[in-house]
Amino acid sequence: MNVFVNLGATTLHKLQAIGNASLMLWGALFAVPRLKNIPLTIYQIYVLGVQSLLIIIVSGLFIGMVMALQGYTILVNYGAEGSLGPMVALSLLRELGPVVTALLFAGRAGSALTAEIGLMKATEQLSSLEMMAVDPLRRVIAPRFWAGMISMPMLAIIFSAVGILGGHVVGVDWLGVDAGSYWSIMQATVEWEADVLNGVIKSVVFGLVVLWIALYKGYSAIPTSEGISKATTETVVVSSLTILGLDFVLTALMFGVN
Amino acid sequence: MTSRKTELLVGIFVAITIAATLLLALQVANKGVSGSSETYTVFAKFDNIGGLKARSSVKVGGVVVGRVSRIYLDDKELIPVVQMEISMDYINTFPETSSVSILTAGLLGEQYVGLQPGFIFPGEDPIFLEQDSFVVDTKSALVLEDLIGQFLFSRDSSS
Amino acid sequence: MTLYLEQQCSQIHHNKEVNSLMSDTLVDIQNMSFSRAERVIYNDISLQVQKGKITAVMGPSGIGKTTLLKIIGGQLSPQSGSVVFAGENIHTVSRKRLYEVRRKMSMLFQSGALFTNISVFDNVAFPLREHTKLSESIIHTVVMLKLEAVGLRGAADLMPSELSGGMARRAALARAIALDPELIMYDEPFAGQDPISMGVLVTLIKQLNRALDLTSIVVTHDVTEVLEIADYAYILAEKSIIGEGTPAQIKASKSELVQQFLQGNADGPVPFHFPAPSLADALLGKSTQDSASNSTAKSEGGR
């Protein structure tokens with residue numbers, strides 16, 4: 001009996017949390033936007049986007065290079081090493097680009113957001129904003145949300161592009177795949193709408209999810225040191241799992257067999 | 001809070017993104033050709049489409065001139081119909097007498113539609129394939145089972 | 001700049017005239033009950049804060065004094081009763097109106113709650129930049145004046161992390177008076193301060209109250225300090241008000257609880273010991289059930 005009671009209680013609790021999170025998102029996004037907050041948003045793009053560039057570029061480069069290495073060893077058995085180009089490109093554009101970027105983003109930027117907002121809550125900065133008749137949702141949450149939504153697809157595109165270049169370096173310069181066929185077969189196979197844009201759509205959806213989770217966890221964190229560390233870990237774990245689950249759903253929708 | 005340095009770096013971030021996007025657009029997906037939105041529709045009926053799929057290419061002598069947009073079963077005759085979008089660059093180029101066949105790229109490669117332009121009699125006004133035309137001369141895909149059957153049959157008859 | 005000051009002076013005088021026609025109560029709480037997650041914090045309390053006076057709210061730790069300030073500010077809603085500020089019921093007005101009303105009140109949090117990513121100057125300038133369209137040069141002058149009033153004009157360019165606790169509180173105070181509010185609420189302003197800082201804060205609160213024609217609510221448990229400056233005081237304990245009056249009246253109160261609080265006695269109506277089984281049983285390692293049966297056996301058998 002106890003199991004069911006607990007299950008019911010947990011479910012209700014989670015539903016309440018989702019409702020709370022939706023209210024927070026609504027309040028942050030759909031209030032009338034103020035031009036005054038644009039400098040704040042730009043600063044947040046710097047914090048979330050620019051400062052993630054290094055990890056994204058390095059990861060993209062190495063993943064592209066590893067893919068080319070691994071792909072070559074398998075394709076060469078079928079005499080199909082010319083297809084290395086489209087293999088690297090499609091894997092990155094459709095899957096690895098959006099997903100790995102989102103995971104890295106959740107780990108780096110997401111956790112930082114949760115910790116920052118949780119700390120602002122703990123030191124009563126959010127309360128004092130409210131008492132000064134400034135809506136903390138519009139002033140603190142919204143700029144970070146929009147900055148992240150802008151940064152995520154940008155980072156994903158950079159990841160894929162750098163990965164493809166990395167694949168070129170390993171495949172063409174090192175392993176001897178023909179440069180011409182690397183690019184031309186890729187061009188013949190990769191499609192703008194179907195592959196590149198779908199990948200971008202994925203990264204936008206992942207960005208929304210990561211930011212929503214990170215901001216809400218920070219906003220609703222218990223204002224103690226354990227509370228904040230718990231919220232930060234939860235952001236990374238929940239975001240990562242949601243990204244992977246959503247990836248499956250989106251892939252089935254976009255690339256699935258009709 | 002927003003210093004010059006911050007704005008500069010954000011600007012660089014945006015510039016890198018645009019460069020990456022251009023790389024993807026031009027080098028990787030070659031948007032120039034395949035993304036062309038001006039096309040006209042041509043239909044062809046086949047006995048067997050083999051492994052042909054939507055988005056397979058339509059090539060003339062190896063040059064991509066269009067894409068397969070839809071494959072469906074004609075509800076009256078119950079045979080497959082392939083709907084193709086040919087680039088407007090080639091409007092009024094292929095005569096009605098052109099033939100289409102389903103070929104395979106390489107030994108294990110993807111299947112595509114090969115278009116063989118028909119003969120144009122000099123001195124005659126040719127009728128070209130245009131929007132919603134049907135290509136009459138079609139050769140279906142090679143089905144492996146039929147080939148094997150033919151081979152066995154011919155062996156049988158020869159021995 | 002003189003225009004701004006003139007506007008402020010005329011605003012104050014205008015307010016005085018209007019308000020002298022209205023009642024002198026700035027904050028009127030009637031029959032308010034508030035509970036949080038099954039725990040009752042306030043049970044049907046009523047208190048009034050007079051305009052232009054310093055009202056102290058005292059009580060033991062953990063009684064929910066900060067909660068009271070949050071209720072007055074509209075951040076929390078009571079389950080029943082009304083909270084009226086300057087003639088408006090805080091919890092029934094629209095969100096937009098609530099934000100407008102909040103400009104007339106400000107709160108000084110226990111930790112100061114300065115925004116850690118901007119300098120002291122930008123912190124004090126924040127409400128001015130948010131709610132007024134004054135030019136930067138006027139804002140600069142106003143900020144400097146406010147910092148001068150709390151004695152921190154020289155620290156304007158420091159970051160909050162570089163300030164001591166007492167200085168951070170004074171900087172937060174400068175920010176709280178930036179828009180010349182009608183009401184300031186101080187949440188435990190004296191907690192953990194050395195005697196000099198304490199003295200500075202006490203003086204500041206009194207001076208600002210008089211100079212800026214403010215109304216102040218000071219929530220604290222530093223009895224001696226606050227009774228020096230308060231015009232009226234409430235003592236909260238056990239979910240209700242157990243004593244109120246002028247400092248002289250409070251000191252003469254006959255209530256045991258009030259006297260324990262004022263004298264700072266370790267034991268009295270608020271017990272020293274948290275409820276626990278008797279010490280003898282705890283030392284002997286017996287459970288409460290064992291000790292209950294043992295004590296009945298012992299009392300029956302006689303010792």
Side-chain angles (χ1 to χ4, degrees), chain A residues 38-53 56-57 60 78-80 82-83 85-86 88-90 92-93 97 143 147 150-151 153-165 168 182-197 199-200 257-258, chain B residues 1-37 39 51-59 62-73 85 104-113:
Chain A
I38 289 188
L40 285 174
T41 314
I42 294 185
Y43 179 70
Q44 287 304 319
I45 295 182
Y46 169 74
V47 170
L48 297 174
V50 175
Q51 290 185 331
S52 306
L53 258 186
I56 293 291
I57 289 181
Y78 299 98
S83 299
V88 170
L90 285 178
L92 281 168
L93 286 169
I150 294 174
S151 304
M154 289 165 71
L155 289 171
I157 290 176
I158 293 177
F159 186 94
S160 299
V162 170
I164 292 173
L165 288 175
H168 178 97
Y182 186 86
W183 292 113
S184 60
I185 303 185
M186 189 196 297
Q187 285 170 5
T189 328
V190 174
E191 289 187 32
W192 178 255
E193 287 90 9
D195 299 317
V196 179
L197 286 183
V200 171
V257 185
N258 288 335
Chain B
M1 219 186 307
T2 320
S3 63
R4 287 280 298 276
K5 178 178 154 230
T6 313
E7 287 173 357
L8 184 67
L9 289 171
V10 171
I12 293 180
F13 179 42
V14 175
I16 295 180
T17 308
I18 295 181
T21 315
L22 284 175
L23 174 77
L24 290 183
L26 300 175
Q27 266 291 73
V28 173
N30 204 356
K31 184 164 169 36
V33 174
S34 55
S36 165
S37 48
T39 58
L52 194 69
K53 294 184 274 291
R55 284 179 21 210
S56 301
S57 21
V58 179
K59 301 188 192 177
V63 176
V64 176
V65 301
R67 293 226 171 254
V68 174
S69 56
R70 196 160 77 102
I71 303 176
Y72 60 95
L73 209 54
E85 305 290 333
T104 314
L107 209 50
L108 300 168
E110 283 190 14
Q111 298 205 305
Y112 64 96
V113 177

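Fair warning: this is a prediction, and the values are worked out from it, not measured in the lab.
For the pair B/Leu23/A/Leu165, a side-chain contact is recorded, criterion being any heavy-atom separation below 4.5 Å from C-beta on.
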In residues 153-164 of chain A, what donor-acceptor pairs under 3.5 Å come from side-chain atoms, sequence neighbours left out?
from, atom 1, to, atom 2, distance (Å)
A/Ser160, OG, A/Ala156, O, 3.2

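Shortest non-hydrogen contact noted between A/Val196 and B/Leu24 is CG1-CD1, 4.3 Å.
For the atom pair CD1 (A/Ile57) and CD1 (B/Ile16), the distance works out to 5.0 Å, reported to the nearest 0.5 Å. The CG atom of B/Leu9 lies 12.5 Å from the CD1 atom of A/Ile45; values are rounded to the nearest 0.5 Å.
Contacts between B/Lys59 and chain A at a heavy-atom distance below 4.5 Å are absent for every atom of the residue. Residue contact with chain B, scored on non-hydrogen atoms closer than 4.5 Å, involves the backbone and the side chain of A/Ser151 alike.
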